Amino acid sequence: MAEEECELNEKQKREIAKWFLLNSPGGEIQYIAKDLRSLLNDEKVYNEAALEAFPLYNKSHLICLELPNRSGEVLVTSYNELEKNEYLDPRTAQVATVDHVKQVCTDVRPAADEELSSSYIEEFRCALDAEILKYAAEAYPKGICSVYCVNGKDVEGPGSNFELLVVISAAKNSPQNFCNGSWRSVWNVEFKEDVQMLEVRGKLQVGAHYFEEGNVQLDAEHECKDATIFQAPDDCAIAIANIIRHHEAEYFESLEASYSNLPDTTFKDLRRKLPVTRTLFPWHNTLQFSLTRDIQRELGIDK
């Protein structure tokens, strides 16, 4: 027996819309949003979903936006978020105001003293930032990077622990060629002066979407750890950059090895064209389809 038809309420529509926005492949949320807006045909529901989903999406994908005064670029992450919609760029000591839905910077101001790290921490942060800039330029043609102090930014001198965080974000979007890809890596570096050691933890994420005559997605994650000794700022920066360079190159090589045979094995059947049935999709009755039901169950709104 067919399931009884019922109309989704506003809350259910909003939650499903958010799910689709948050699960958009890298660089494609604006395309999803445009189609979703047309399908919903309800500006109130769409705007509510967009205002909730876009900030989460932008921060999780580490998007990069140009500052309005053309003085540089700012990464949008949870690590440099100050107040709502405000993001610190420590390299230029500026704070950008971001319109998340439009994905643009609308304003920029000088950072206040209390929003910046102490001069002692800045020695380590700036040295590391310079080394990561050089590495990112070598490894990622369109890569953007930044270094933040996420713990102990007010430390004034030796004797206390603190933590820096390295963010590297690179994307290559080519929708006209039916493919988009991104690399995101976040590295926590704990400076432990009490034991004269640096602990390094990395999380690497790679995403790719190929959608010509099919739909193939890659969403891979990798975590790693390493350590080195506590040294002067410049020496620490070189050691950390070498650790990051080693682990990222190693992971990239493992990905290449893992996927080199896929065209002749896993994706062999995808070379066949998808059938065209010309059957109209009954959008008015989507509750009959398992995808909608599965999303509702996942969000806990199936009743």
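Heavy-atom basis, side chains included; hydrogens, waters and symmetry copies ignored. This one's a predicted model, so the numbers in the text were calculated from it and none came from an experiment.
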- Side chain to side chain, K13 and E7, heavy atoms closer than 4.5 Å: yes
- Task: Answer with yes or no after comparing the ring centroid distance for F191 and F162 against a 6.0 Å cut-off, counting only values under it.
- Result: yes
- Query: Looking at F178 versus Y210, is the centre-to-centre ring distance below 6.0 Å?
  - Reply: no
- Is there a donor-acceptor contact under 3.5 Å linking the side chains of E248 and Y135? yes
- Query: Are the side chain of K192 and the backbone N or O of F230 linked by a donor-acceptor pair below 3.5 Å?
  - Reply: no
- Are the charged groups of R184 and E221 less than 4.0 angstrom apart, N to O? no
- Message: Can you tell whether the side chains of E15 and K11 come within less than 4.0 Å, N to carboxylate O?
- Response: no
- Using 30° and 60° as the class limits, which term best fits the ring planes of H222 and Y251: parallel, tilted or perpendicular? parallel
- Message: Heavy-atom count check: over 12 atoms from other residues, nucleotides or ligands less than 6.0 Å from F211 CZ?
- Response: yes
- Message: Can you confirm whether the side chains of N180 and E28 place a donor and an acceptor under 3.5 Å from each other?
- Response: yes
- Query: H61 and Y57: aromatic ring centres closer than 6.0 Å?
  - Reply: yes
- Rounded to the nearest 0.5 angstrom, the SG-CG distance for C224 and L204 is 5.5 Å
- Message: Please check: side-chain N/O of Q30 versus main-chain N/O of V101, any donor-acceptor pairing under 3.5 Å?
- Response: yes
